[in-house]
Amino acid sequence: MPNSFRSIGLIARATAVMGNQLFTSDDLQNSQFIYLMRIVETPGITQTQLANQLHVDPSTCLRTVRKLIAHQYVARQTDEHNKKQRPLVATAQGQALYPELQAYEQHILAIGTHGLSAGERLILEELLGKVANNIQEYQATQSE
């Protein structure tokens with residue numbers, strides 16, 4: 001069983017490294033492309049929500065968001081109801097890059113699941129979802 005978790009780690013690291021190499025020409029490094037994808041997919045997400053969704057500490061998320069803002073991929077808005085919140089939205093430049101990011105994600109998914117039947121893909125998705133849920137629940141109990 002330990003090899004399963006090592007495999008998950010290998011998949012995560014390898015896809016991040018390949019993505020970093022692919023999007024370096026767009027000034028996206030250190031997995032910034034993942035942050036940009038989540039911001040495009042969830043317009044108005046707060047930085048705290050983004051950090052929680054990606055399971056990174058708030059300071060790492062802050063540094064990455066600042067870089068995305070500096071490269072004009074992301075902007076902060078003002079929340080009309082809560083002035084303390086500054087929701088994140090993708091700029092036109094960030095939106096324009098999204099199809100390429102999404103294509104990369106689909107390409108990696110196709111490579112990773114090559115040779116699996118449709119049923120096996122569903123089982124894989126279900127099992128990984130359960131593992132992720134177990135880890136999230138455990139993580140939540142550790143931070144209490």
Side-chain angles (χ1 to χ4, degrees), residues 4-114 116-144:
S4 298
F5 281 99
R6 288 183 182 176
S7 295
I8 292 168
L10 177 139
I11 293 164
R13 286 187 304 279
T15 56
V17 167
M18 289 185 292
N20 289 336
Q21 291 171 347
L22 182 62
F23 299 113
T24 296
S25 62
D26 296 302
D27 290 323
L28 294 176
Q29 299 137 1
N30 299 323
S31 301
Q32 292 170 353
F33 68 97
I34 298 170
Y35 289 73
L36 179 56
M37 286 186 75
R38 297 304 174 265
I39 293 167
V40 171
E41 293 167 352
T42 317
I45 190 170
T46 65
Q47 194 170 297
T48 301
Q49 292 168 332
L50 182 62
N52 290 337
Q53 191 178 95
L54 295 175
H55 297 281
V56 296
D57 63 278
S59 60
T60 299
C61 188
L62 173 63
R63 284 191 303 274
T64 303
V65 167
R66 282 183 177 164
K67 289 176 185 175
L68 289 171
I69 291 170
H71 286 105
Q72 300 180 346
Y73 286 116
V74 172
R76 291 187 194 276
Q77 291 185 328
T78 304
D79 188 321
E80 294 176 16
H81 305 293
N82 184 348
K83 301 294 182 195
K84 291 181 181 181
Q85 285 191 350
R86 302 288 311 267
L88 302 168
V89 293
T91 62
Q93 185 176 340
Q95 291 280 352
L97 187 57
Y98 182 71
E100 191 177 338
L101 300 174
Q102 195 174 35
Y104 169 71
E105 184 178 60
Q106 292 303 310
H107 178 70
I108 290 299
L109 184 60
I111 290 169
T113 59
H114 176 75
L116 298 181
S117 69
E120 288 171 327
R121 288 178 187 178
L122 287 173
I123 291 169
L124 177 64
E125 185 175 343
E126 181 182 337
L127 293 176
L128 287 175
K130 286 181 180 181
V131 170
N133 188 49
N134 290 342
I135 296 297
Q136 284 177 324
E137 287 177 4
Y138 177 75
Q139 184 181 24
T141 63
Q142 296 304 301
S143 61
E144 292 177 350

Gln21 side chain to Thr24 side chain, donor-acceptor N/O pair below 3.5 angstrom: no
Steps toward side-chain contact (heavy atoms from CB on, under 4.5 Å) verdict (Val74, Val89): CA-CA 6 Å; Val74 172; Val89 293; over 6 Å; no
Within 6.0 Å of CD in Gln102, more than 12 heavy atoms from elsewhere: yes
ring-ring contact (aromatic ring centres under 6.0 Å, His included) contacts touching residues 44-85 (sequence neighbours left out): none
Qualifying ring-ring contact (aromatic ring centres under 6.0 Å, His included) pairs, either residue in residues 84-112, two or more places apart: Phe23-Tyr104, Phe33-Tyr104
[Y] and [X], any side-chain heavy atoms less than 4.5 Å apart:
{"X": "Ile39", "Y": "Leu68", "value": "yes"}
{"X": "Asp27", "Y": "Gln32", "value": "no"}
{"X": "Leu28", "Y": "Leu97", "value": "yes"}
{"X": "Gln49", "Y": "Thr46", "value": "yes"}
{"X": "Lys130", "Y": "Glu126", "value": "yes"}
{"X": "Tyr35", "Y": "Val56", "value": "yes"}
{"X": "Arg86", "Y": "Gln47", "value": "no"}

Working for side-chain contact (heavy atoms from CB on, under 4.5 Å), residues Glu105 and Thr15: CA-CA 9 Å; Glu105 184 178 60; Thr15 56; over 6 Å; no
N/O donor-acceptor pair under 3.5 Å between [X] side chain and [Y] backbone:
{"X": "Asn20", "Y": "Ala16", "answer": "yes"}
{"X": "Arg76", "Y": "Leu88", "answer": "no"}
{"X": "Gln106", "Y": "Ala103", "answer": "no"}
{"X": "Glu120", "Y": "Ser117", "answer": "yes"}
{"X": "Thr42", "Y": "Ile45", "answer": "no"}
{"X": "Thr91", "Y": "Gly94", "answer": "yes"}

Hey, what do you get for [atom1] ([X]) to [atom2] ([Y]), rounding to the nearest 0.5 Å?
{"X": "Asn134", "Y": "Gln139", "atom1": "CG", "atom2": "CD", "answer": "12.5 Å"}
{"X": "Ser31", "Y": "Arg13", "atom1": "OG", "atom2": "CZ", "answer": "12.0 Å"}
{"X": "Leu101", "Y": "Glu41", "atom1": "CG", "atom2": "CD", "answer": "9.0 Å"}
{"X": "Ile123", "Y": "Leu127", "atom1": "CD1", "atom2": "CG", "answer": "7.0 Å"}
{"X": "Glu100", "Y": "Leu22", "atom1": "CD", "atom2": "CG", "answer": "6.0 Å"}
{"X": "Asn52", "Y": "Gln136", "atom1": "CG", "atom2": "CD", "answer": "10.0 Å"}

Minimum-distance pair of heavy atoms, taken over all atoms of Pro87 and Gly44: CB-O, 3.3 Å
Ile8 and Leu128: CA distance, side-chain angles, deciding distance, side-chain contact (heavy atoms from CB on, under 4.5 Å) verdict: CA-CA 9 Å; Ile8 292 168; Leu128 287 175; 3.9 Å; yes
Residue list, side chain to side chain donor-acceptor pair (under 3.5 Å) with Arg66, at least two apart or on another chain: none
